[in-house]
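The structure appears below as structure tokens.
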Amino acid sequence: MSKKSIILVTGGSGLVGRAIQEIVLLEKRTDETWIFLSSKDVDLCDYDSTKKVFEKYQPTHVIHLAAMVGGLFHNMSHNLDFLRNNLKINDNVLQISFETKVQKVVSCLSTCIFPDKTEYPIDETMVHNGPPHPSNFGYSYAKRLIDIQNKAYNQQHGCMFTSVIPCNVFGPHDNYNLESSHVIPGLIRKLHDTIQKGGTTFNVMGTGKPLRQFIYSLDLAKLFLWVLREYKEIEPIILSVDEQSEVSIKELANEIAKAFDFTGDIVFDTTKADGQYKKTASNAKLRKYLPDFEFTPFSVAIKHSVDWYRQNYKTARN
């Protein structure tokens, strides 16, 4: 990175953006200026609006987090919206980064972009090996195209555009809207509401059997900063906890109940869809670079996340 770096973060008010902001504040570096943008600051679907923001701040580096995102059921009913909006956002950010001579862009992908039918564990070489799960094909194809664009910008113009692929992220400042949230914030909100109403049954959609790897947002933020400052490849890198850290949705529900000190019943609604059964990711590439990186223990991270929501639910994204 250059001596004086200006880092623009799209989606800066979201889960990962707020986590990066927290880590940056702790670091107190004097050689970096950080700008965290939210959807209130710029409409990234609009080229002119995006161009004005880049011209205003003149970033040397970009962390591209902004996206239209949602949980399983929101994805299933809005695949076209997810496809079109994310294509616009990504194309504007990458093209304008090229036009304004941004030195490096790190974009955020997702493990859900991988093929539905595949071998496990999945790794960075397998992104384009087959169709994604049909429940979220719109979002998945839009995100896959970032990897294609990164390689094309590098081949044609020599741009240092790369991407990371986190496993399922959770932590403070998440989206707790029951219609569009991911599984952890959705379950935290649901159990909190149940307890507030004096309920004794924690209802969880699905069988509880699907397996997931979850990464705490503050751990992911630290890894994002390493990628921004040190990672030299165009090829994406998976940012995930180790394979043995995979947990079932049932285990997750139990951990959330424990964090709330909830002693009622946990009931799984087996009439609801489970989504993809598993999408185990290999972090072998990350471990080659950072063999000693320590992830926050899952139970500790869940407790932090639950405590944050209990303290901030009135102003959280509900």
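All of these numbers come straight from a predicted model, not from anything done at the bench.
- Using modelled atom types, one side-chain atom of Asn318 and one backbone atom of Tyr313 make a donor-acceptor pair closer than 3.5 Å.
- Salt bridge annotation for Lys51-Asp48: absent, with no cationic side-chain nitrogen under 4.0 angstrom from a carboxylate oxygen.
- Hydrophobic clustering, with ILVMFWY side chains joined whenever heavy atoms are under 4.5 angstrom apart, groups Leu223 together with Tyr289.
- Distance alone, capped at 3.5 Å, places no donor-acceptor pair between the Asp265 side chain and the Val267 backbone.
- Using cut-offs of 30° and 60° on the angle between ring planes, the pair Tyr176 and Trp308 is parallel.
- Ring orientation note: the planes of Phe298 and Phe170 are nearly perpendicular, at an angle over 60° on the 30°/60° scale.
- Each of Lys143, Arg144, Lys151 was evaluated against Asp147; a single residue qualifies, Lys151, per the side-chain contact (heavy atoms from CB on, under 4.5 Å) test.
- Tested against Gln149, the residues Asn154, Asp91, Asn90 include a single side chain to side chain donor-acceptor pair (under 3.5 Å) partner, Asp91.
- The hydrophobic cluster containing Phe98 also contains Val42, counting ILVMFWY residues as joined when their side-chain heavy atoms lie under 4.5 angstrom apart, directly or transitively.
- Phe293 and Val106 fall within the same hydrophobic cluster, defined by Ile, Leu, Val, Met, Phe, Trp and Tyr side-chain heavy atoms under 4.5 Å apart, directly or through other members.
- Counting all heavy atoms, side chain and backbone alike, Ile234 lies closest to Cys159 at CD1-O, 3.6 Å.
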| query | Does the pair Asp307 and Lys303 meet the rule for a salt bridge (Lys or Arg N to Asp or Glu O under 4.0 Å), with working shown? | reply | CA-CA 6 Å; Asp307 288 348; Lys303 185 72 169 75; 2.9 Å; yes
| request: Start with the C-alpha distance between Lys285 and Glu233, add both sets of side-chain angles, then the distance that settles salt bridge (Lys or Arg N to Asp or Glu O under 4.0 Å), and finish with yes or no. | output: CA-CA 12 Å; Lys285 183 174 180 179; Glu233 298 183 37; 3.0 Å; yes
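- Minimum interatomic distance between His61 and Ser5 (heavy atoms only, all atoms of both residues): CE1-OG, 3.7 Å.
- Ring-plane geometry between Trp226 and Tyr231 is classed as tilted, the angle between the planes lying from 30 to 60 degrees on a 0 to 90 degree scale.
- Ile302 contributes atom CD1, which lies 5.5 Å from atom CG of Leu252 (distance to the nearest 0.5 angstrom).
- A salt bridge links Arg287 to Asp242: one of the charged nitrogens lies within less than 4.0 Å of a carboxylate oxygen.
- Using a 4.5 Å cut-off between side-chain heavy atoms of Ile, Leu, Val, Met, Phe, Trp and Tyr, with links allowed through other members, Leu211 and Val204 fall into different hydrophobic clusters.
- When all heavy atoms are compared, the tightest approach of Pro134 to Asp116 is CD-OD2, 4.0 Å.
- Here the CD atom belonging to Glu255 is positioned 9.0 Å from the CD atom belonging to Glu251, to the nearest 0.5 angstrom.
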| Going through the distances and angles, do Phe224 and Leu65 end up as a side chain to side chain contact (heavy atoms under 4.5 Å, CB included)? | CA-CA 11 Å; Phe224 247 108; Leu65 306 175; 3.5 Å; yes
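- His304 has its side chain within reach of Tyr216: a pair of non-hydrogen atoms, C-beta onward, lies under 4.5 Å apart.
- For Asn168 (side chain) and Gln213 (main-chain N/O), a donor-acceptor pair under 3.5 Å exists by modelled atom type.
- Side-chain contact between Ile20 and Leu225: present, with at least one pair of heavy atoms (C-beta onward) separated by less than 4.5 Å.
- Within the model, atoms CD1 of Ile96 and CZ of Phe54 stand 6.5 Å from one another, a figure rounded to the nearest 0.5 Å.
- Summarising the geometry, atom CG belonging to Asn92 is positioned 11.5 Å from atom OG1 belonging to Thr10; distances are rounded to the nearest 0.5 Å.
- The shortest side-chain heavy-atom distance between Ile63 and Ile7 falls under the 4.5 Å cut-off.
- Using a 4.0 Å cut-off between charged side-chain N and carboxylate O, Lys279 and Glu119 make no salt bridge.
- Nearest heavy atom pair, residue Ser305 against residue Ile188, reads CB-CD1, 4.2 Å.
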| salt bridge (Lys or Arg N to Asp or Glu O under 4.0 Å) between Glu32 and Arg29: does it pass, once the steps are laid out? | CA-CA 6 Å; Glu32 296 175 354; Arg29 289 177 62 140; 3.5 Å; yes
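- Following chains of ILVMFWY side-chain contacts shorter than 4.5 Å, one cannot reach Leu178 starting from Leu15, and the two form parts of different hydrophobic clusters.
- The shortest non-hydrogen separation linking Val53 to Asp41 is CG2-O, 4.2 Å.
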| query | Can you check side chain to side chain contact (heavy atoms under 4.5 Å, CB included) on Arg212 and Ile249, steps first, answer last? | reply | CA-CA 7 Å; Arg212 294 291 183 268; Ile249 300 302; 4.3 Å; yes
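- Cys167 SG to Leu239 CG: the interatomic distance, rounded to the nearest 0.5 Å, is 8.5 Å.
- Using modelled atom types and a 3.5 Å distance limit, the side chains of Asp43 and Ser49 yield no donor-acceptor pair.
- The distance from atom OG of Ser97 to atom CE of Met160, rounded to the nearest 0.5 Å, is 13.0 Å.
- Proximity of Phe260 to Arg310: side-chain heavy atoms (C-beta onward) are separated by under 4.5 Å at one or more points.
- Of all heavy-atom pairs between Asn254 and Ile266, the closest is OD1-CD1, 3.1 Å.
- Annotation for Gln156: atom CD does not count as buried by contact number, only 12 or fewer foreign heavy atoms lying within 6.0 Å.
- Between His157 and Tyr153, the ring planes are tilted. Angles from 30° to 60° get that label.
- Residues Leu44 and Val93 meet the side-chain proximity criterion, which asks for heavy atoms closer than 4.5 Å.
- Ring geometry for Tyr141 versus Phe137: interplanar angle over 60°, hence perpendicular rather than tilted (30 to 60°).
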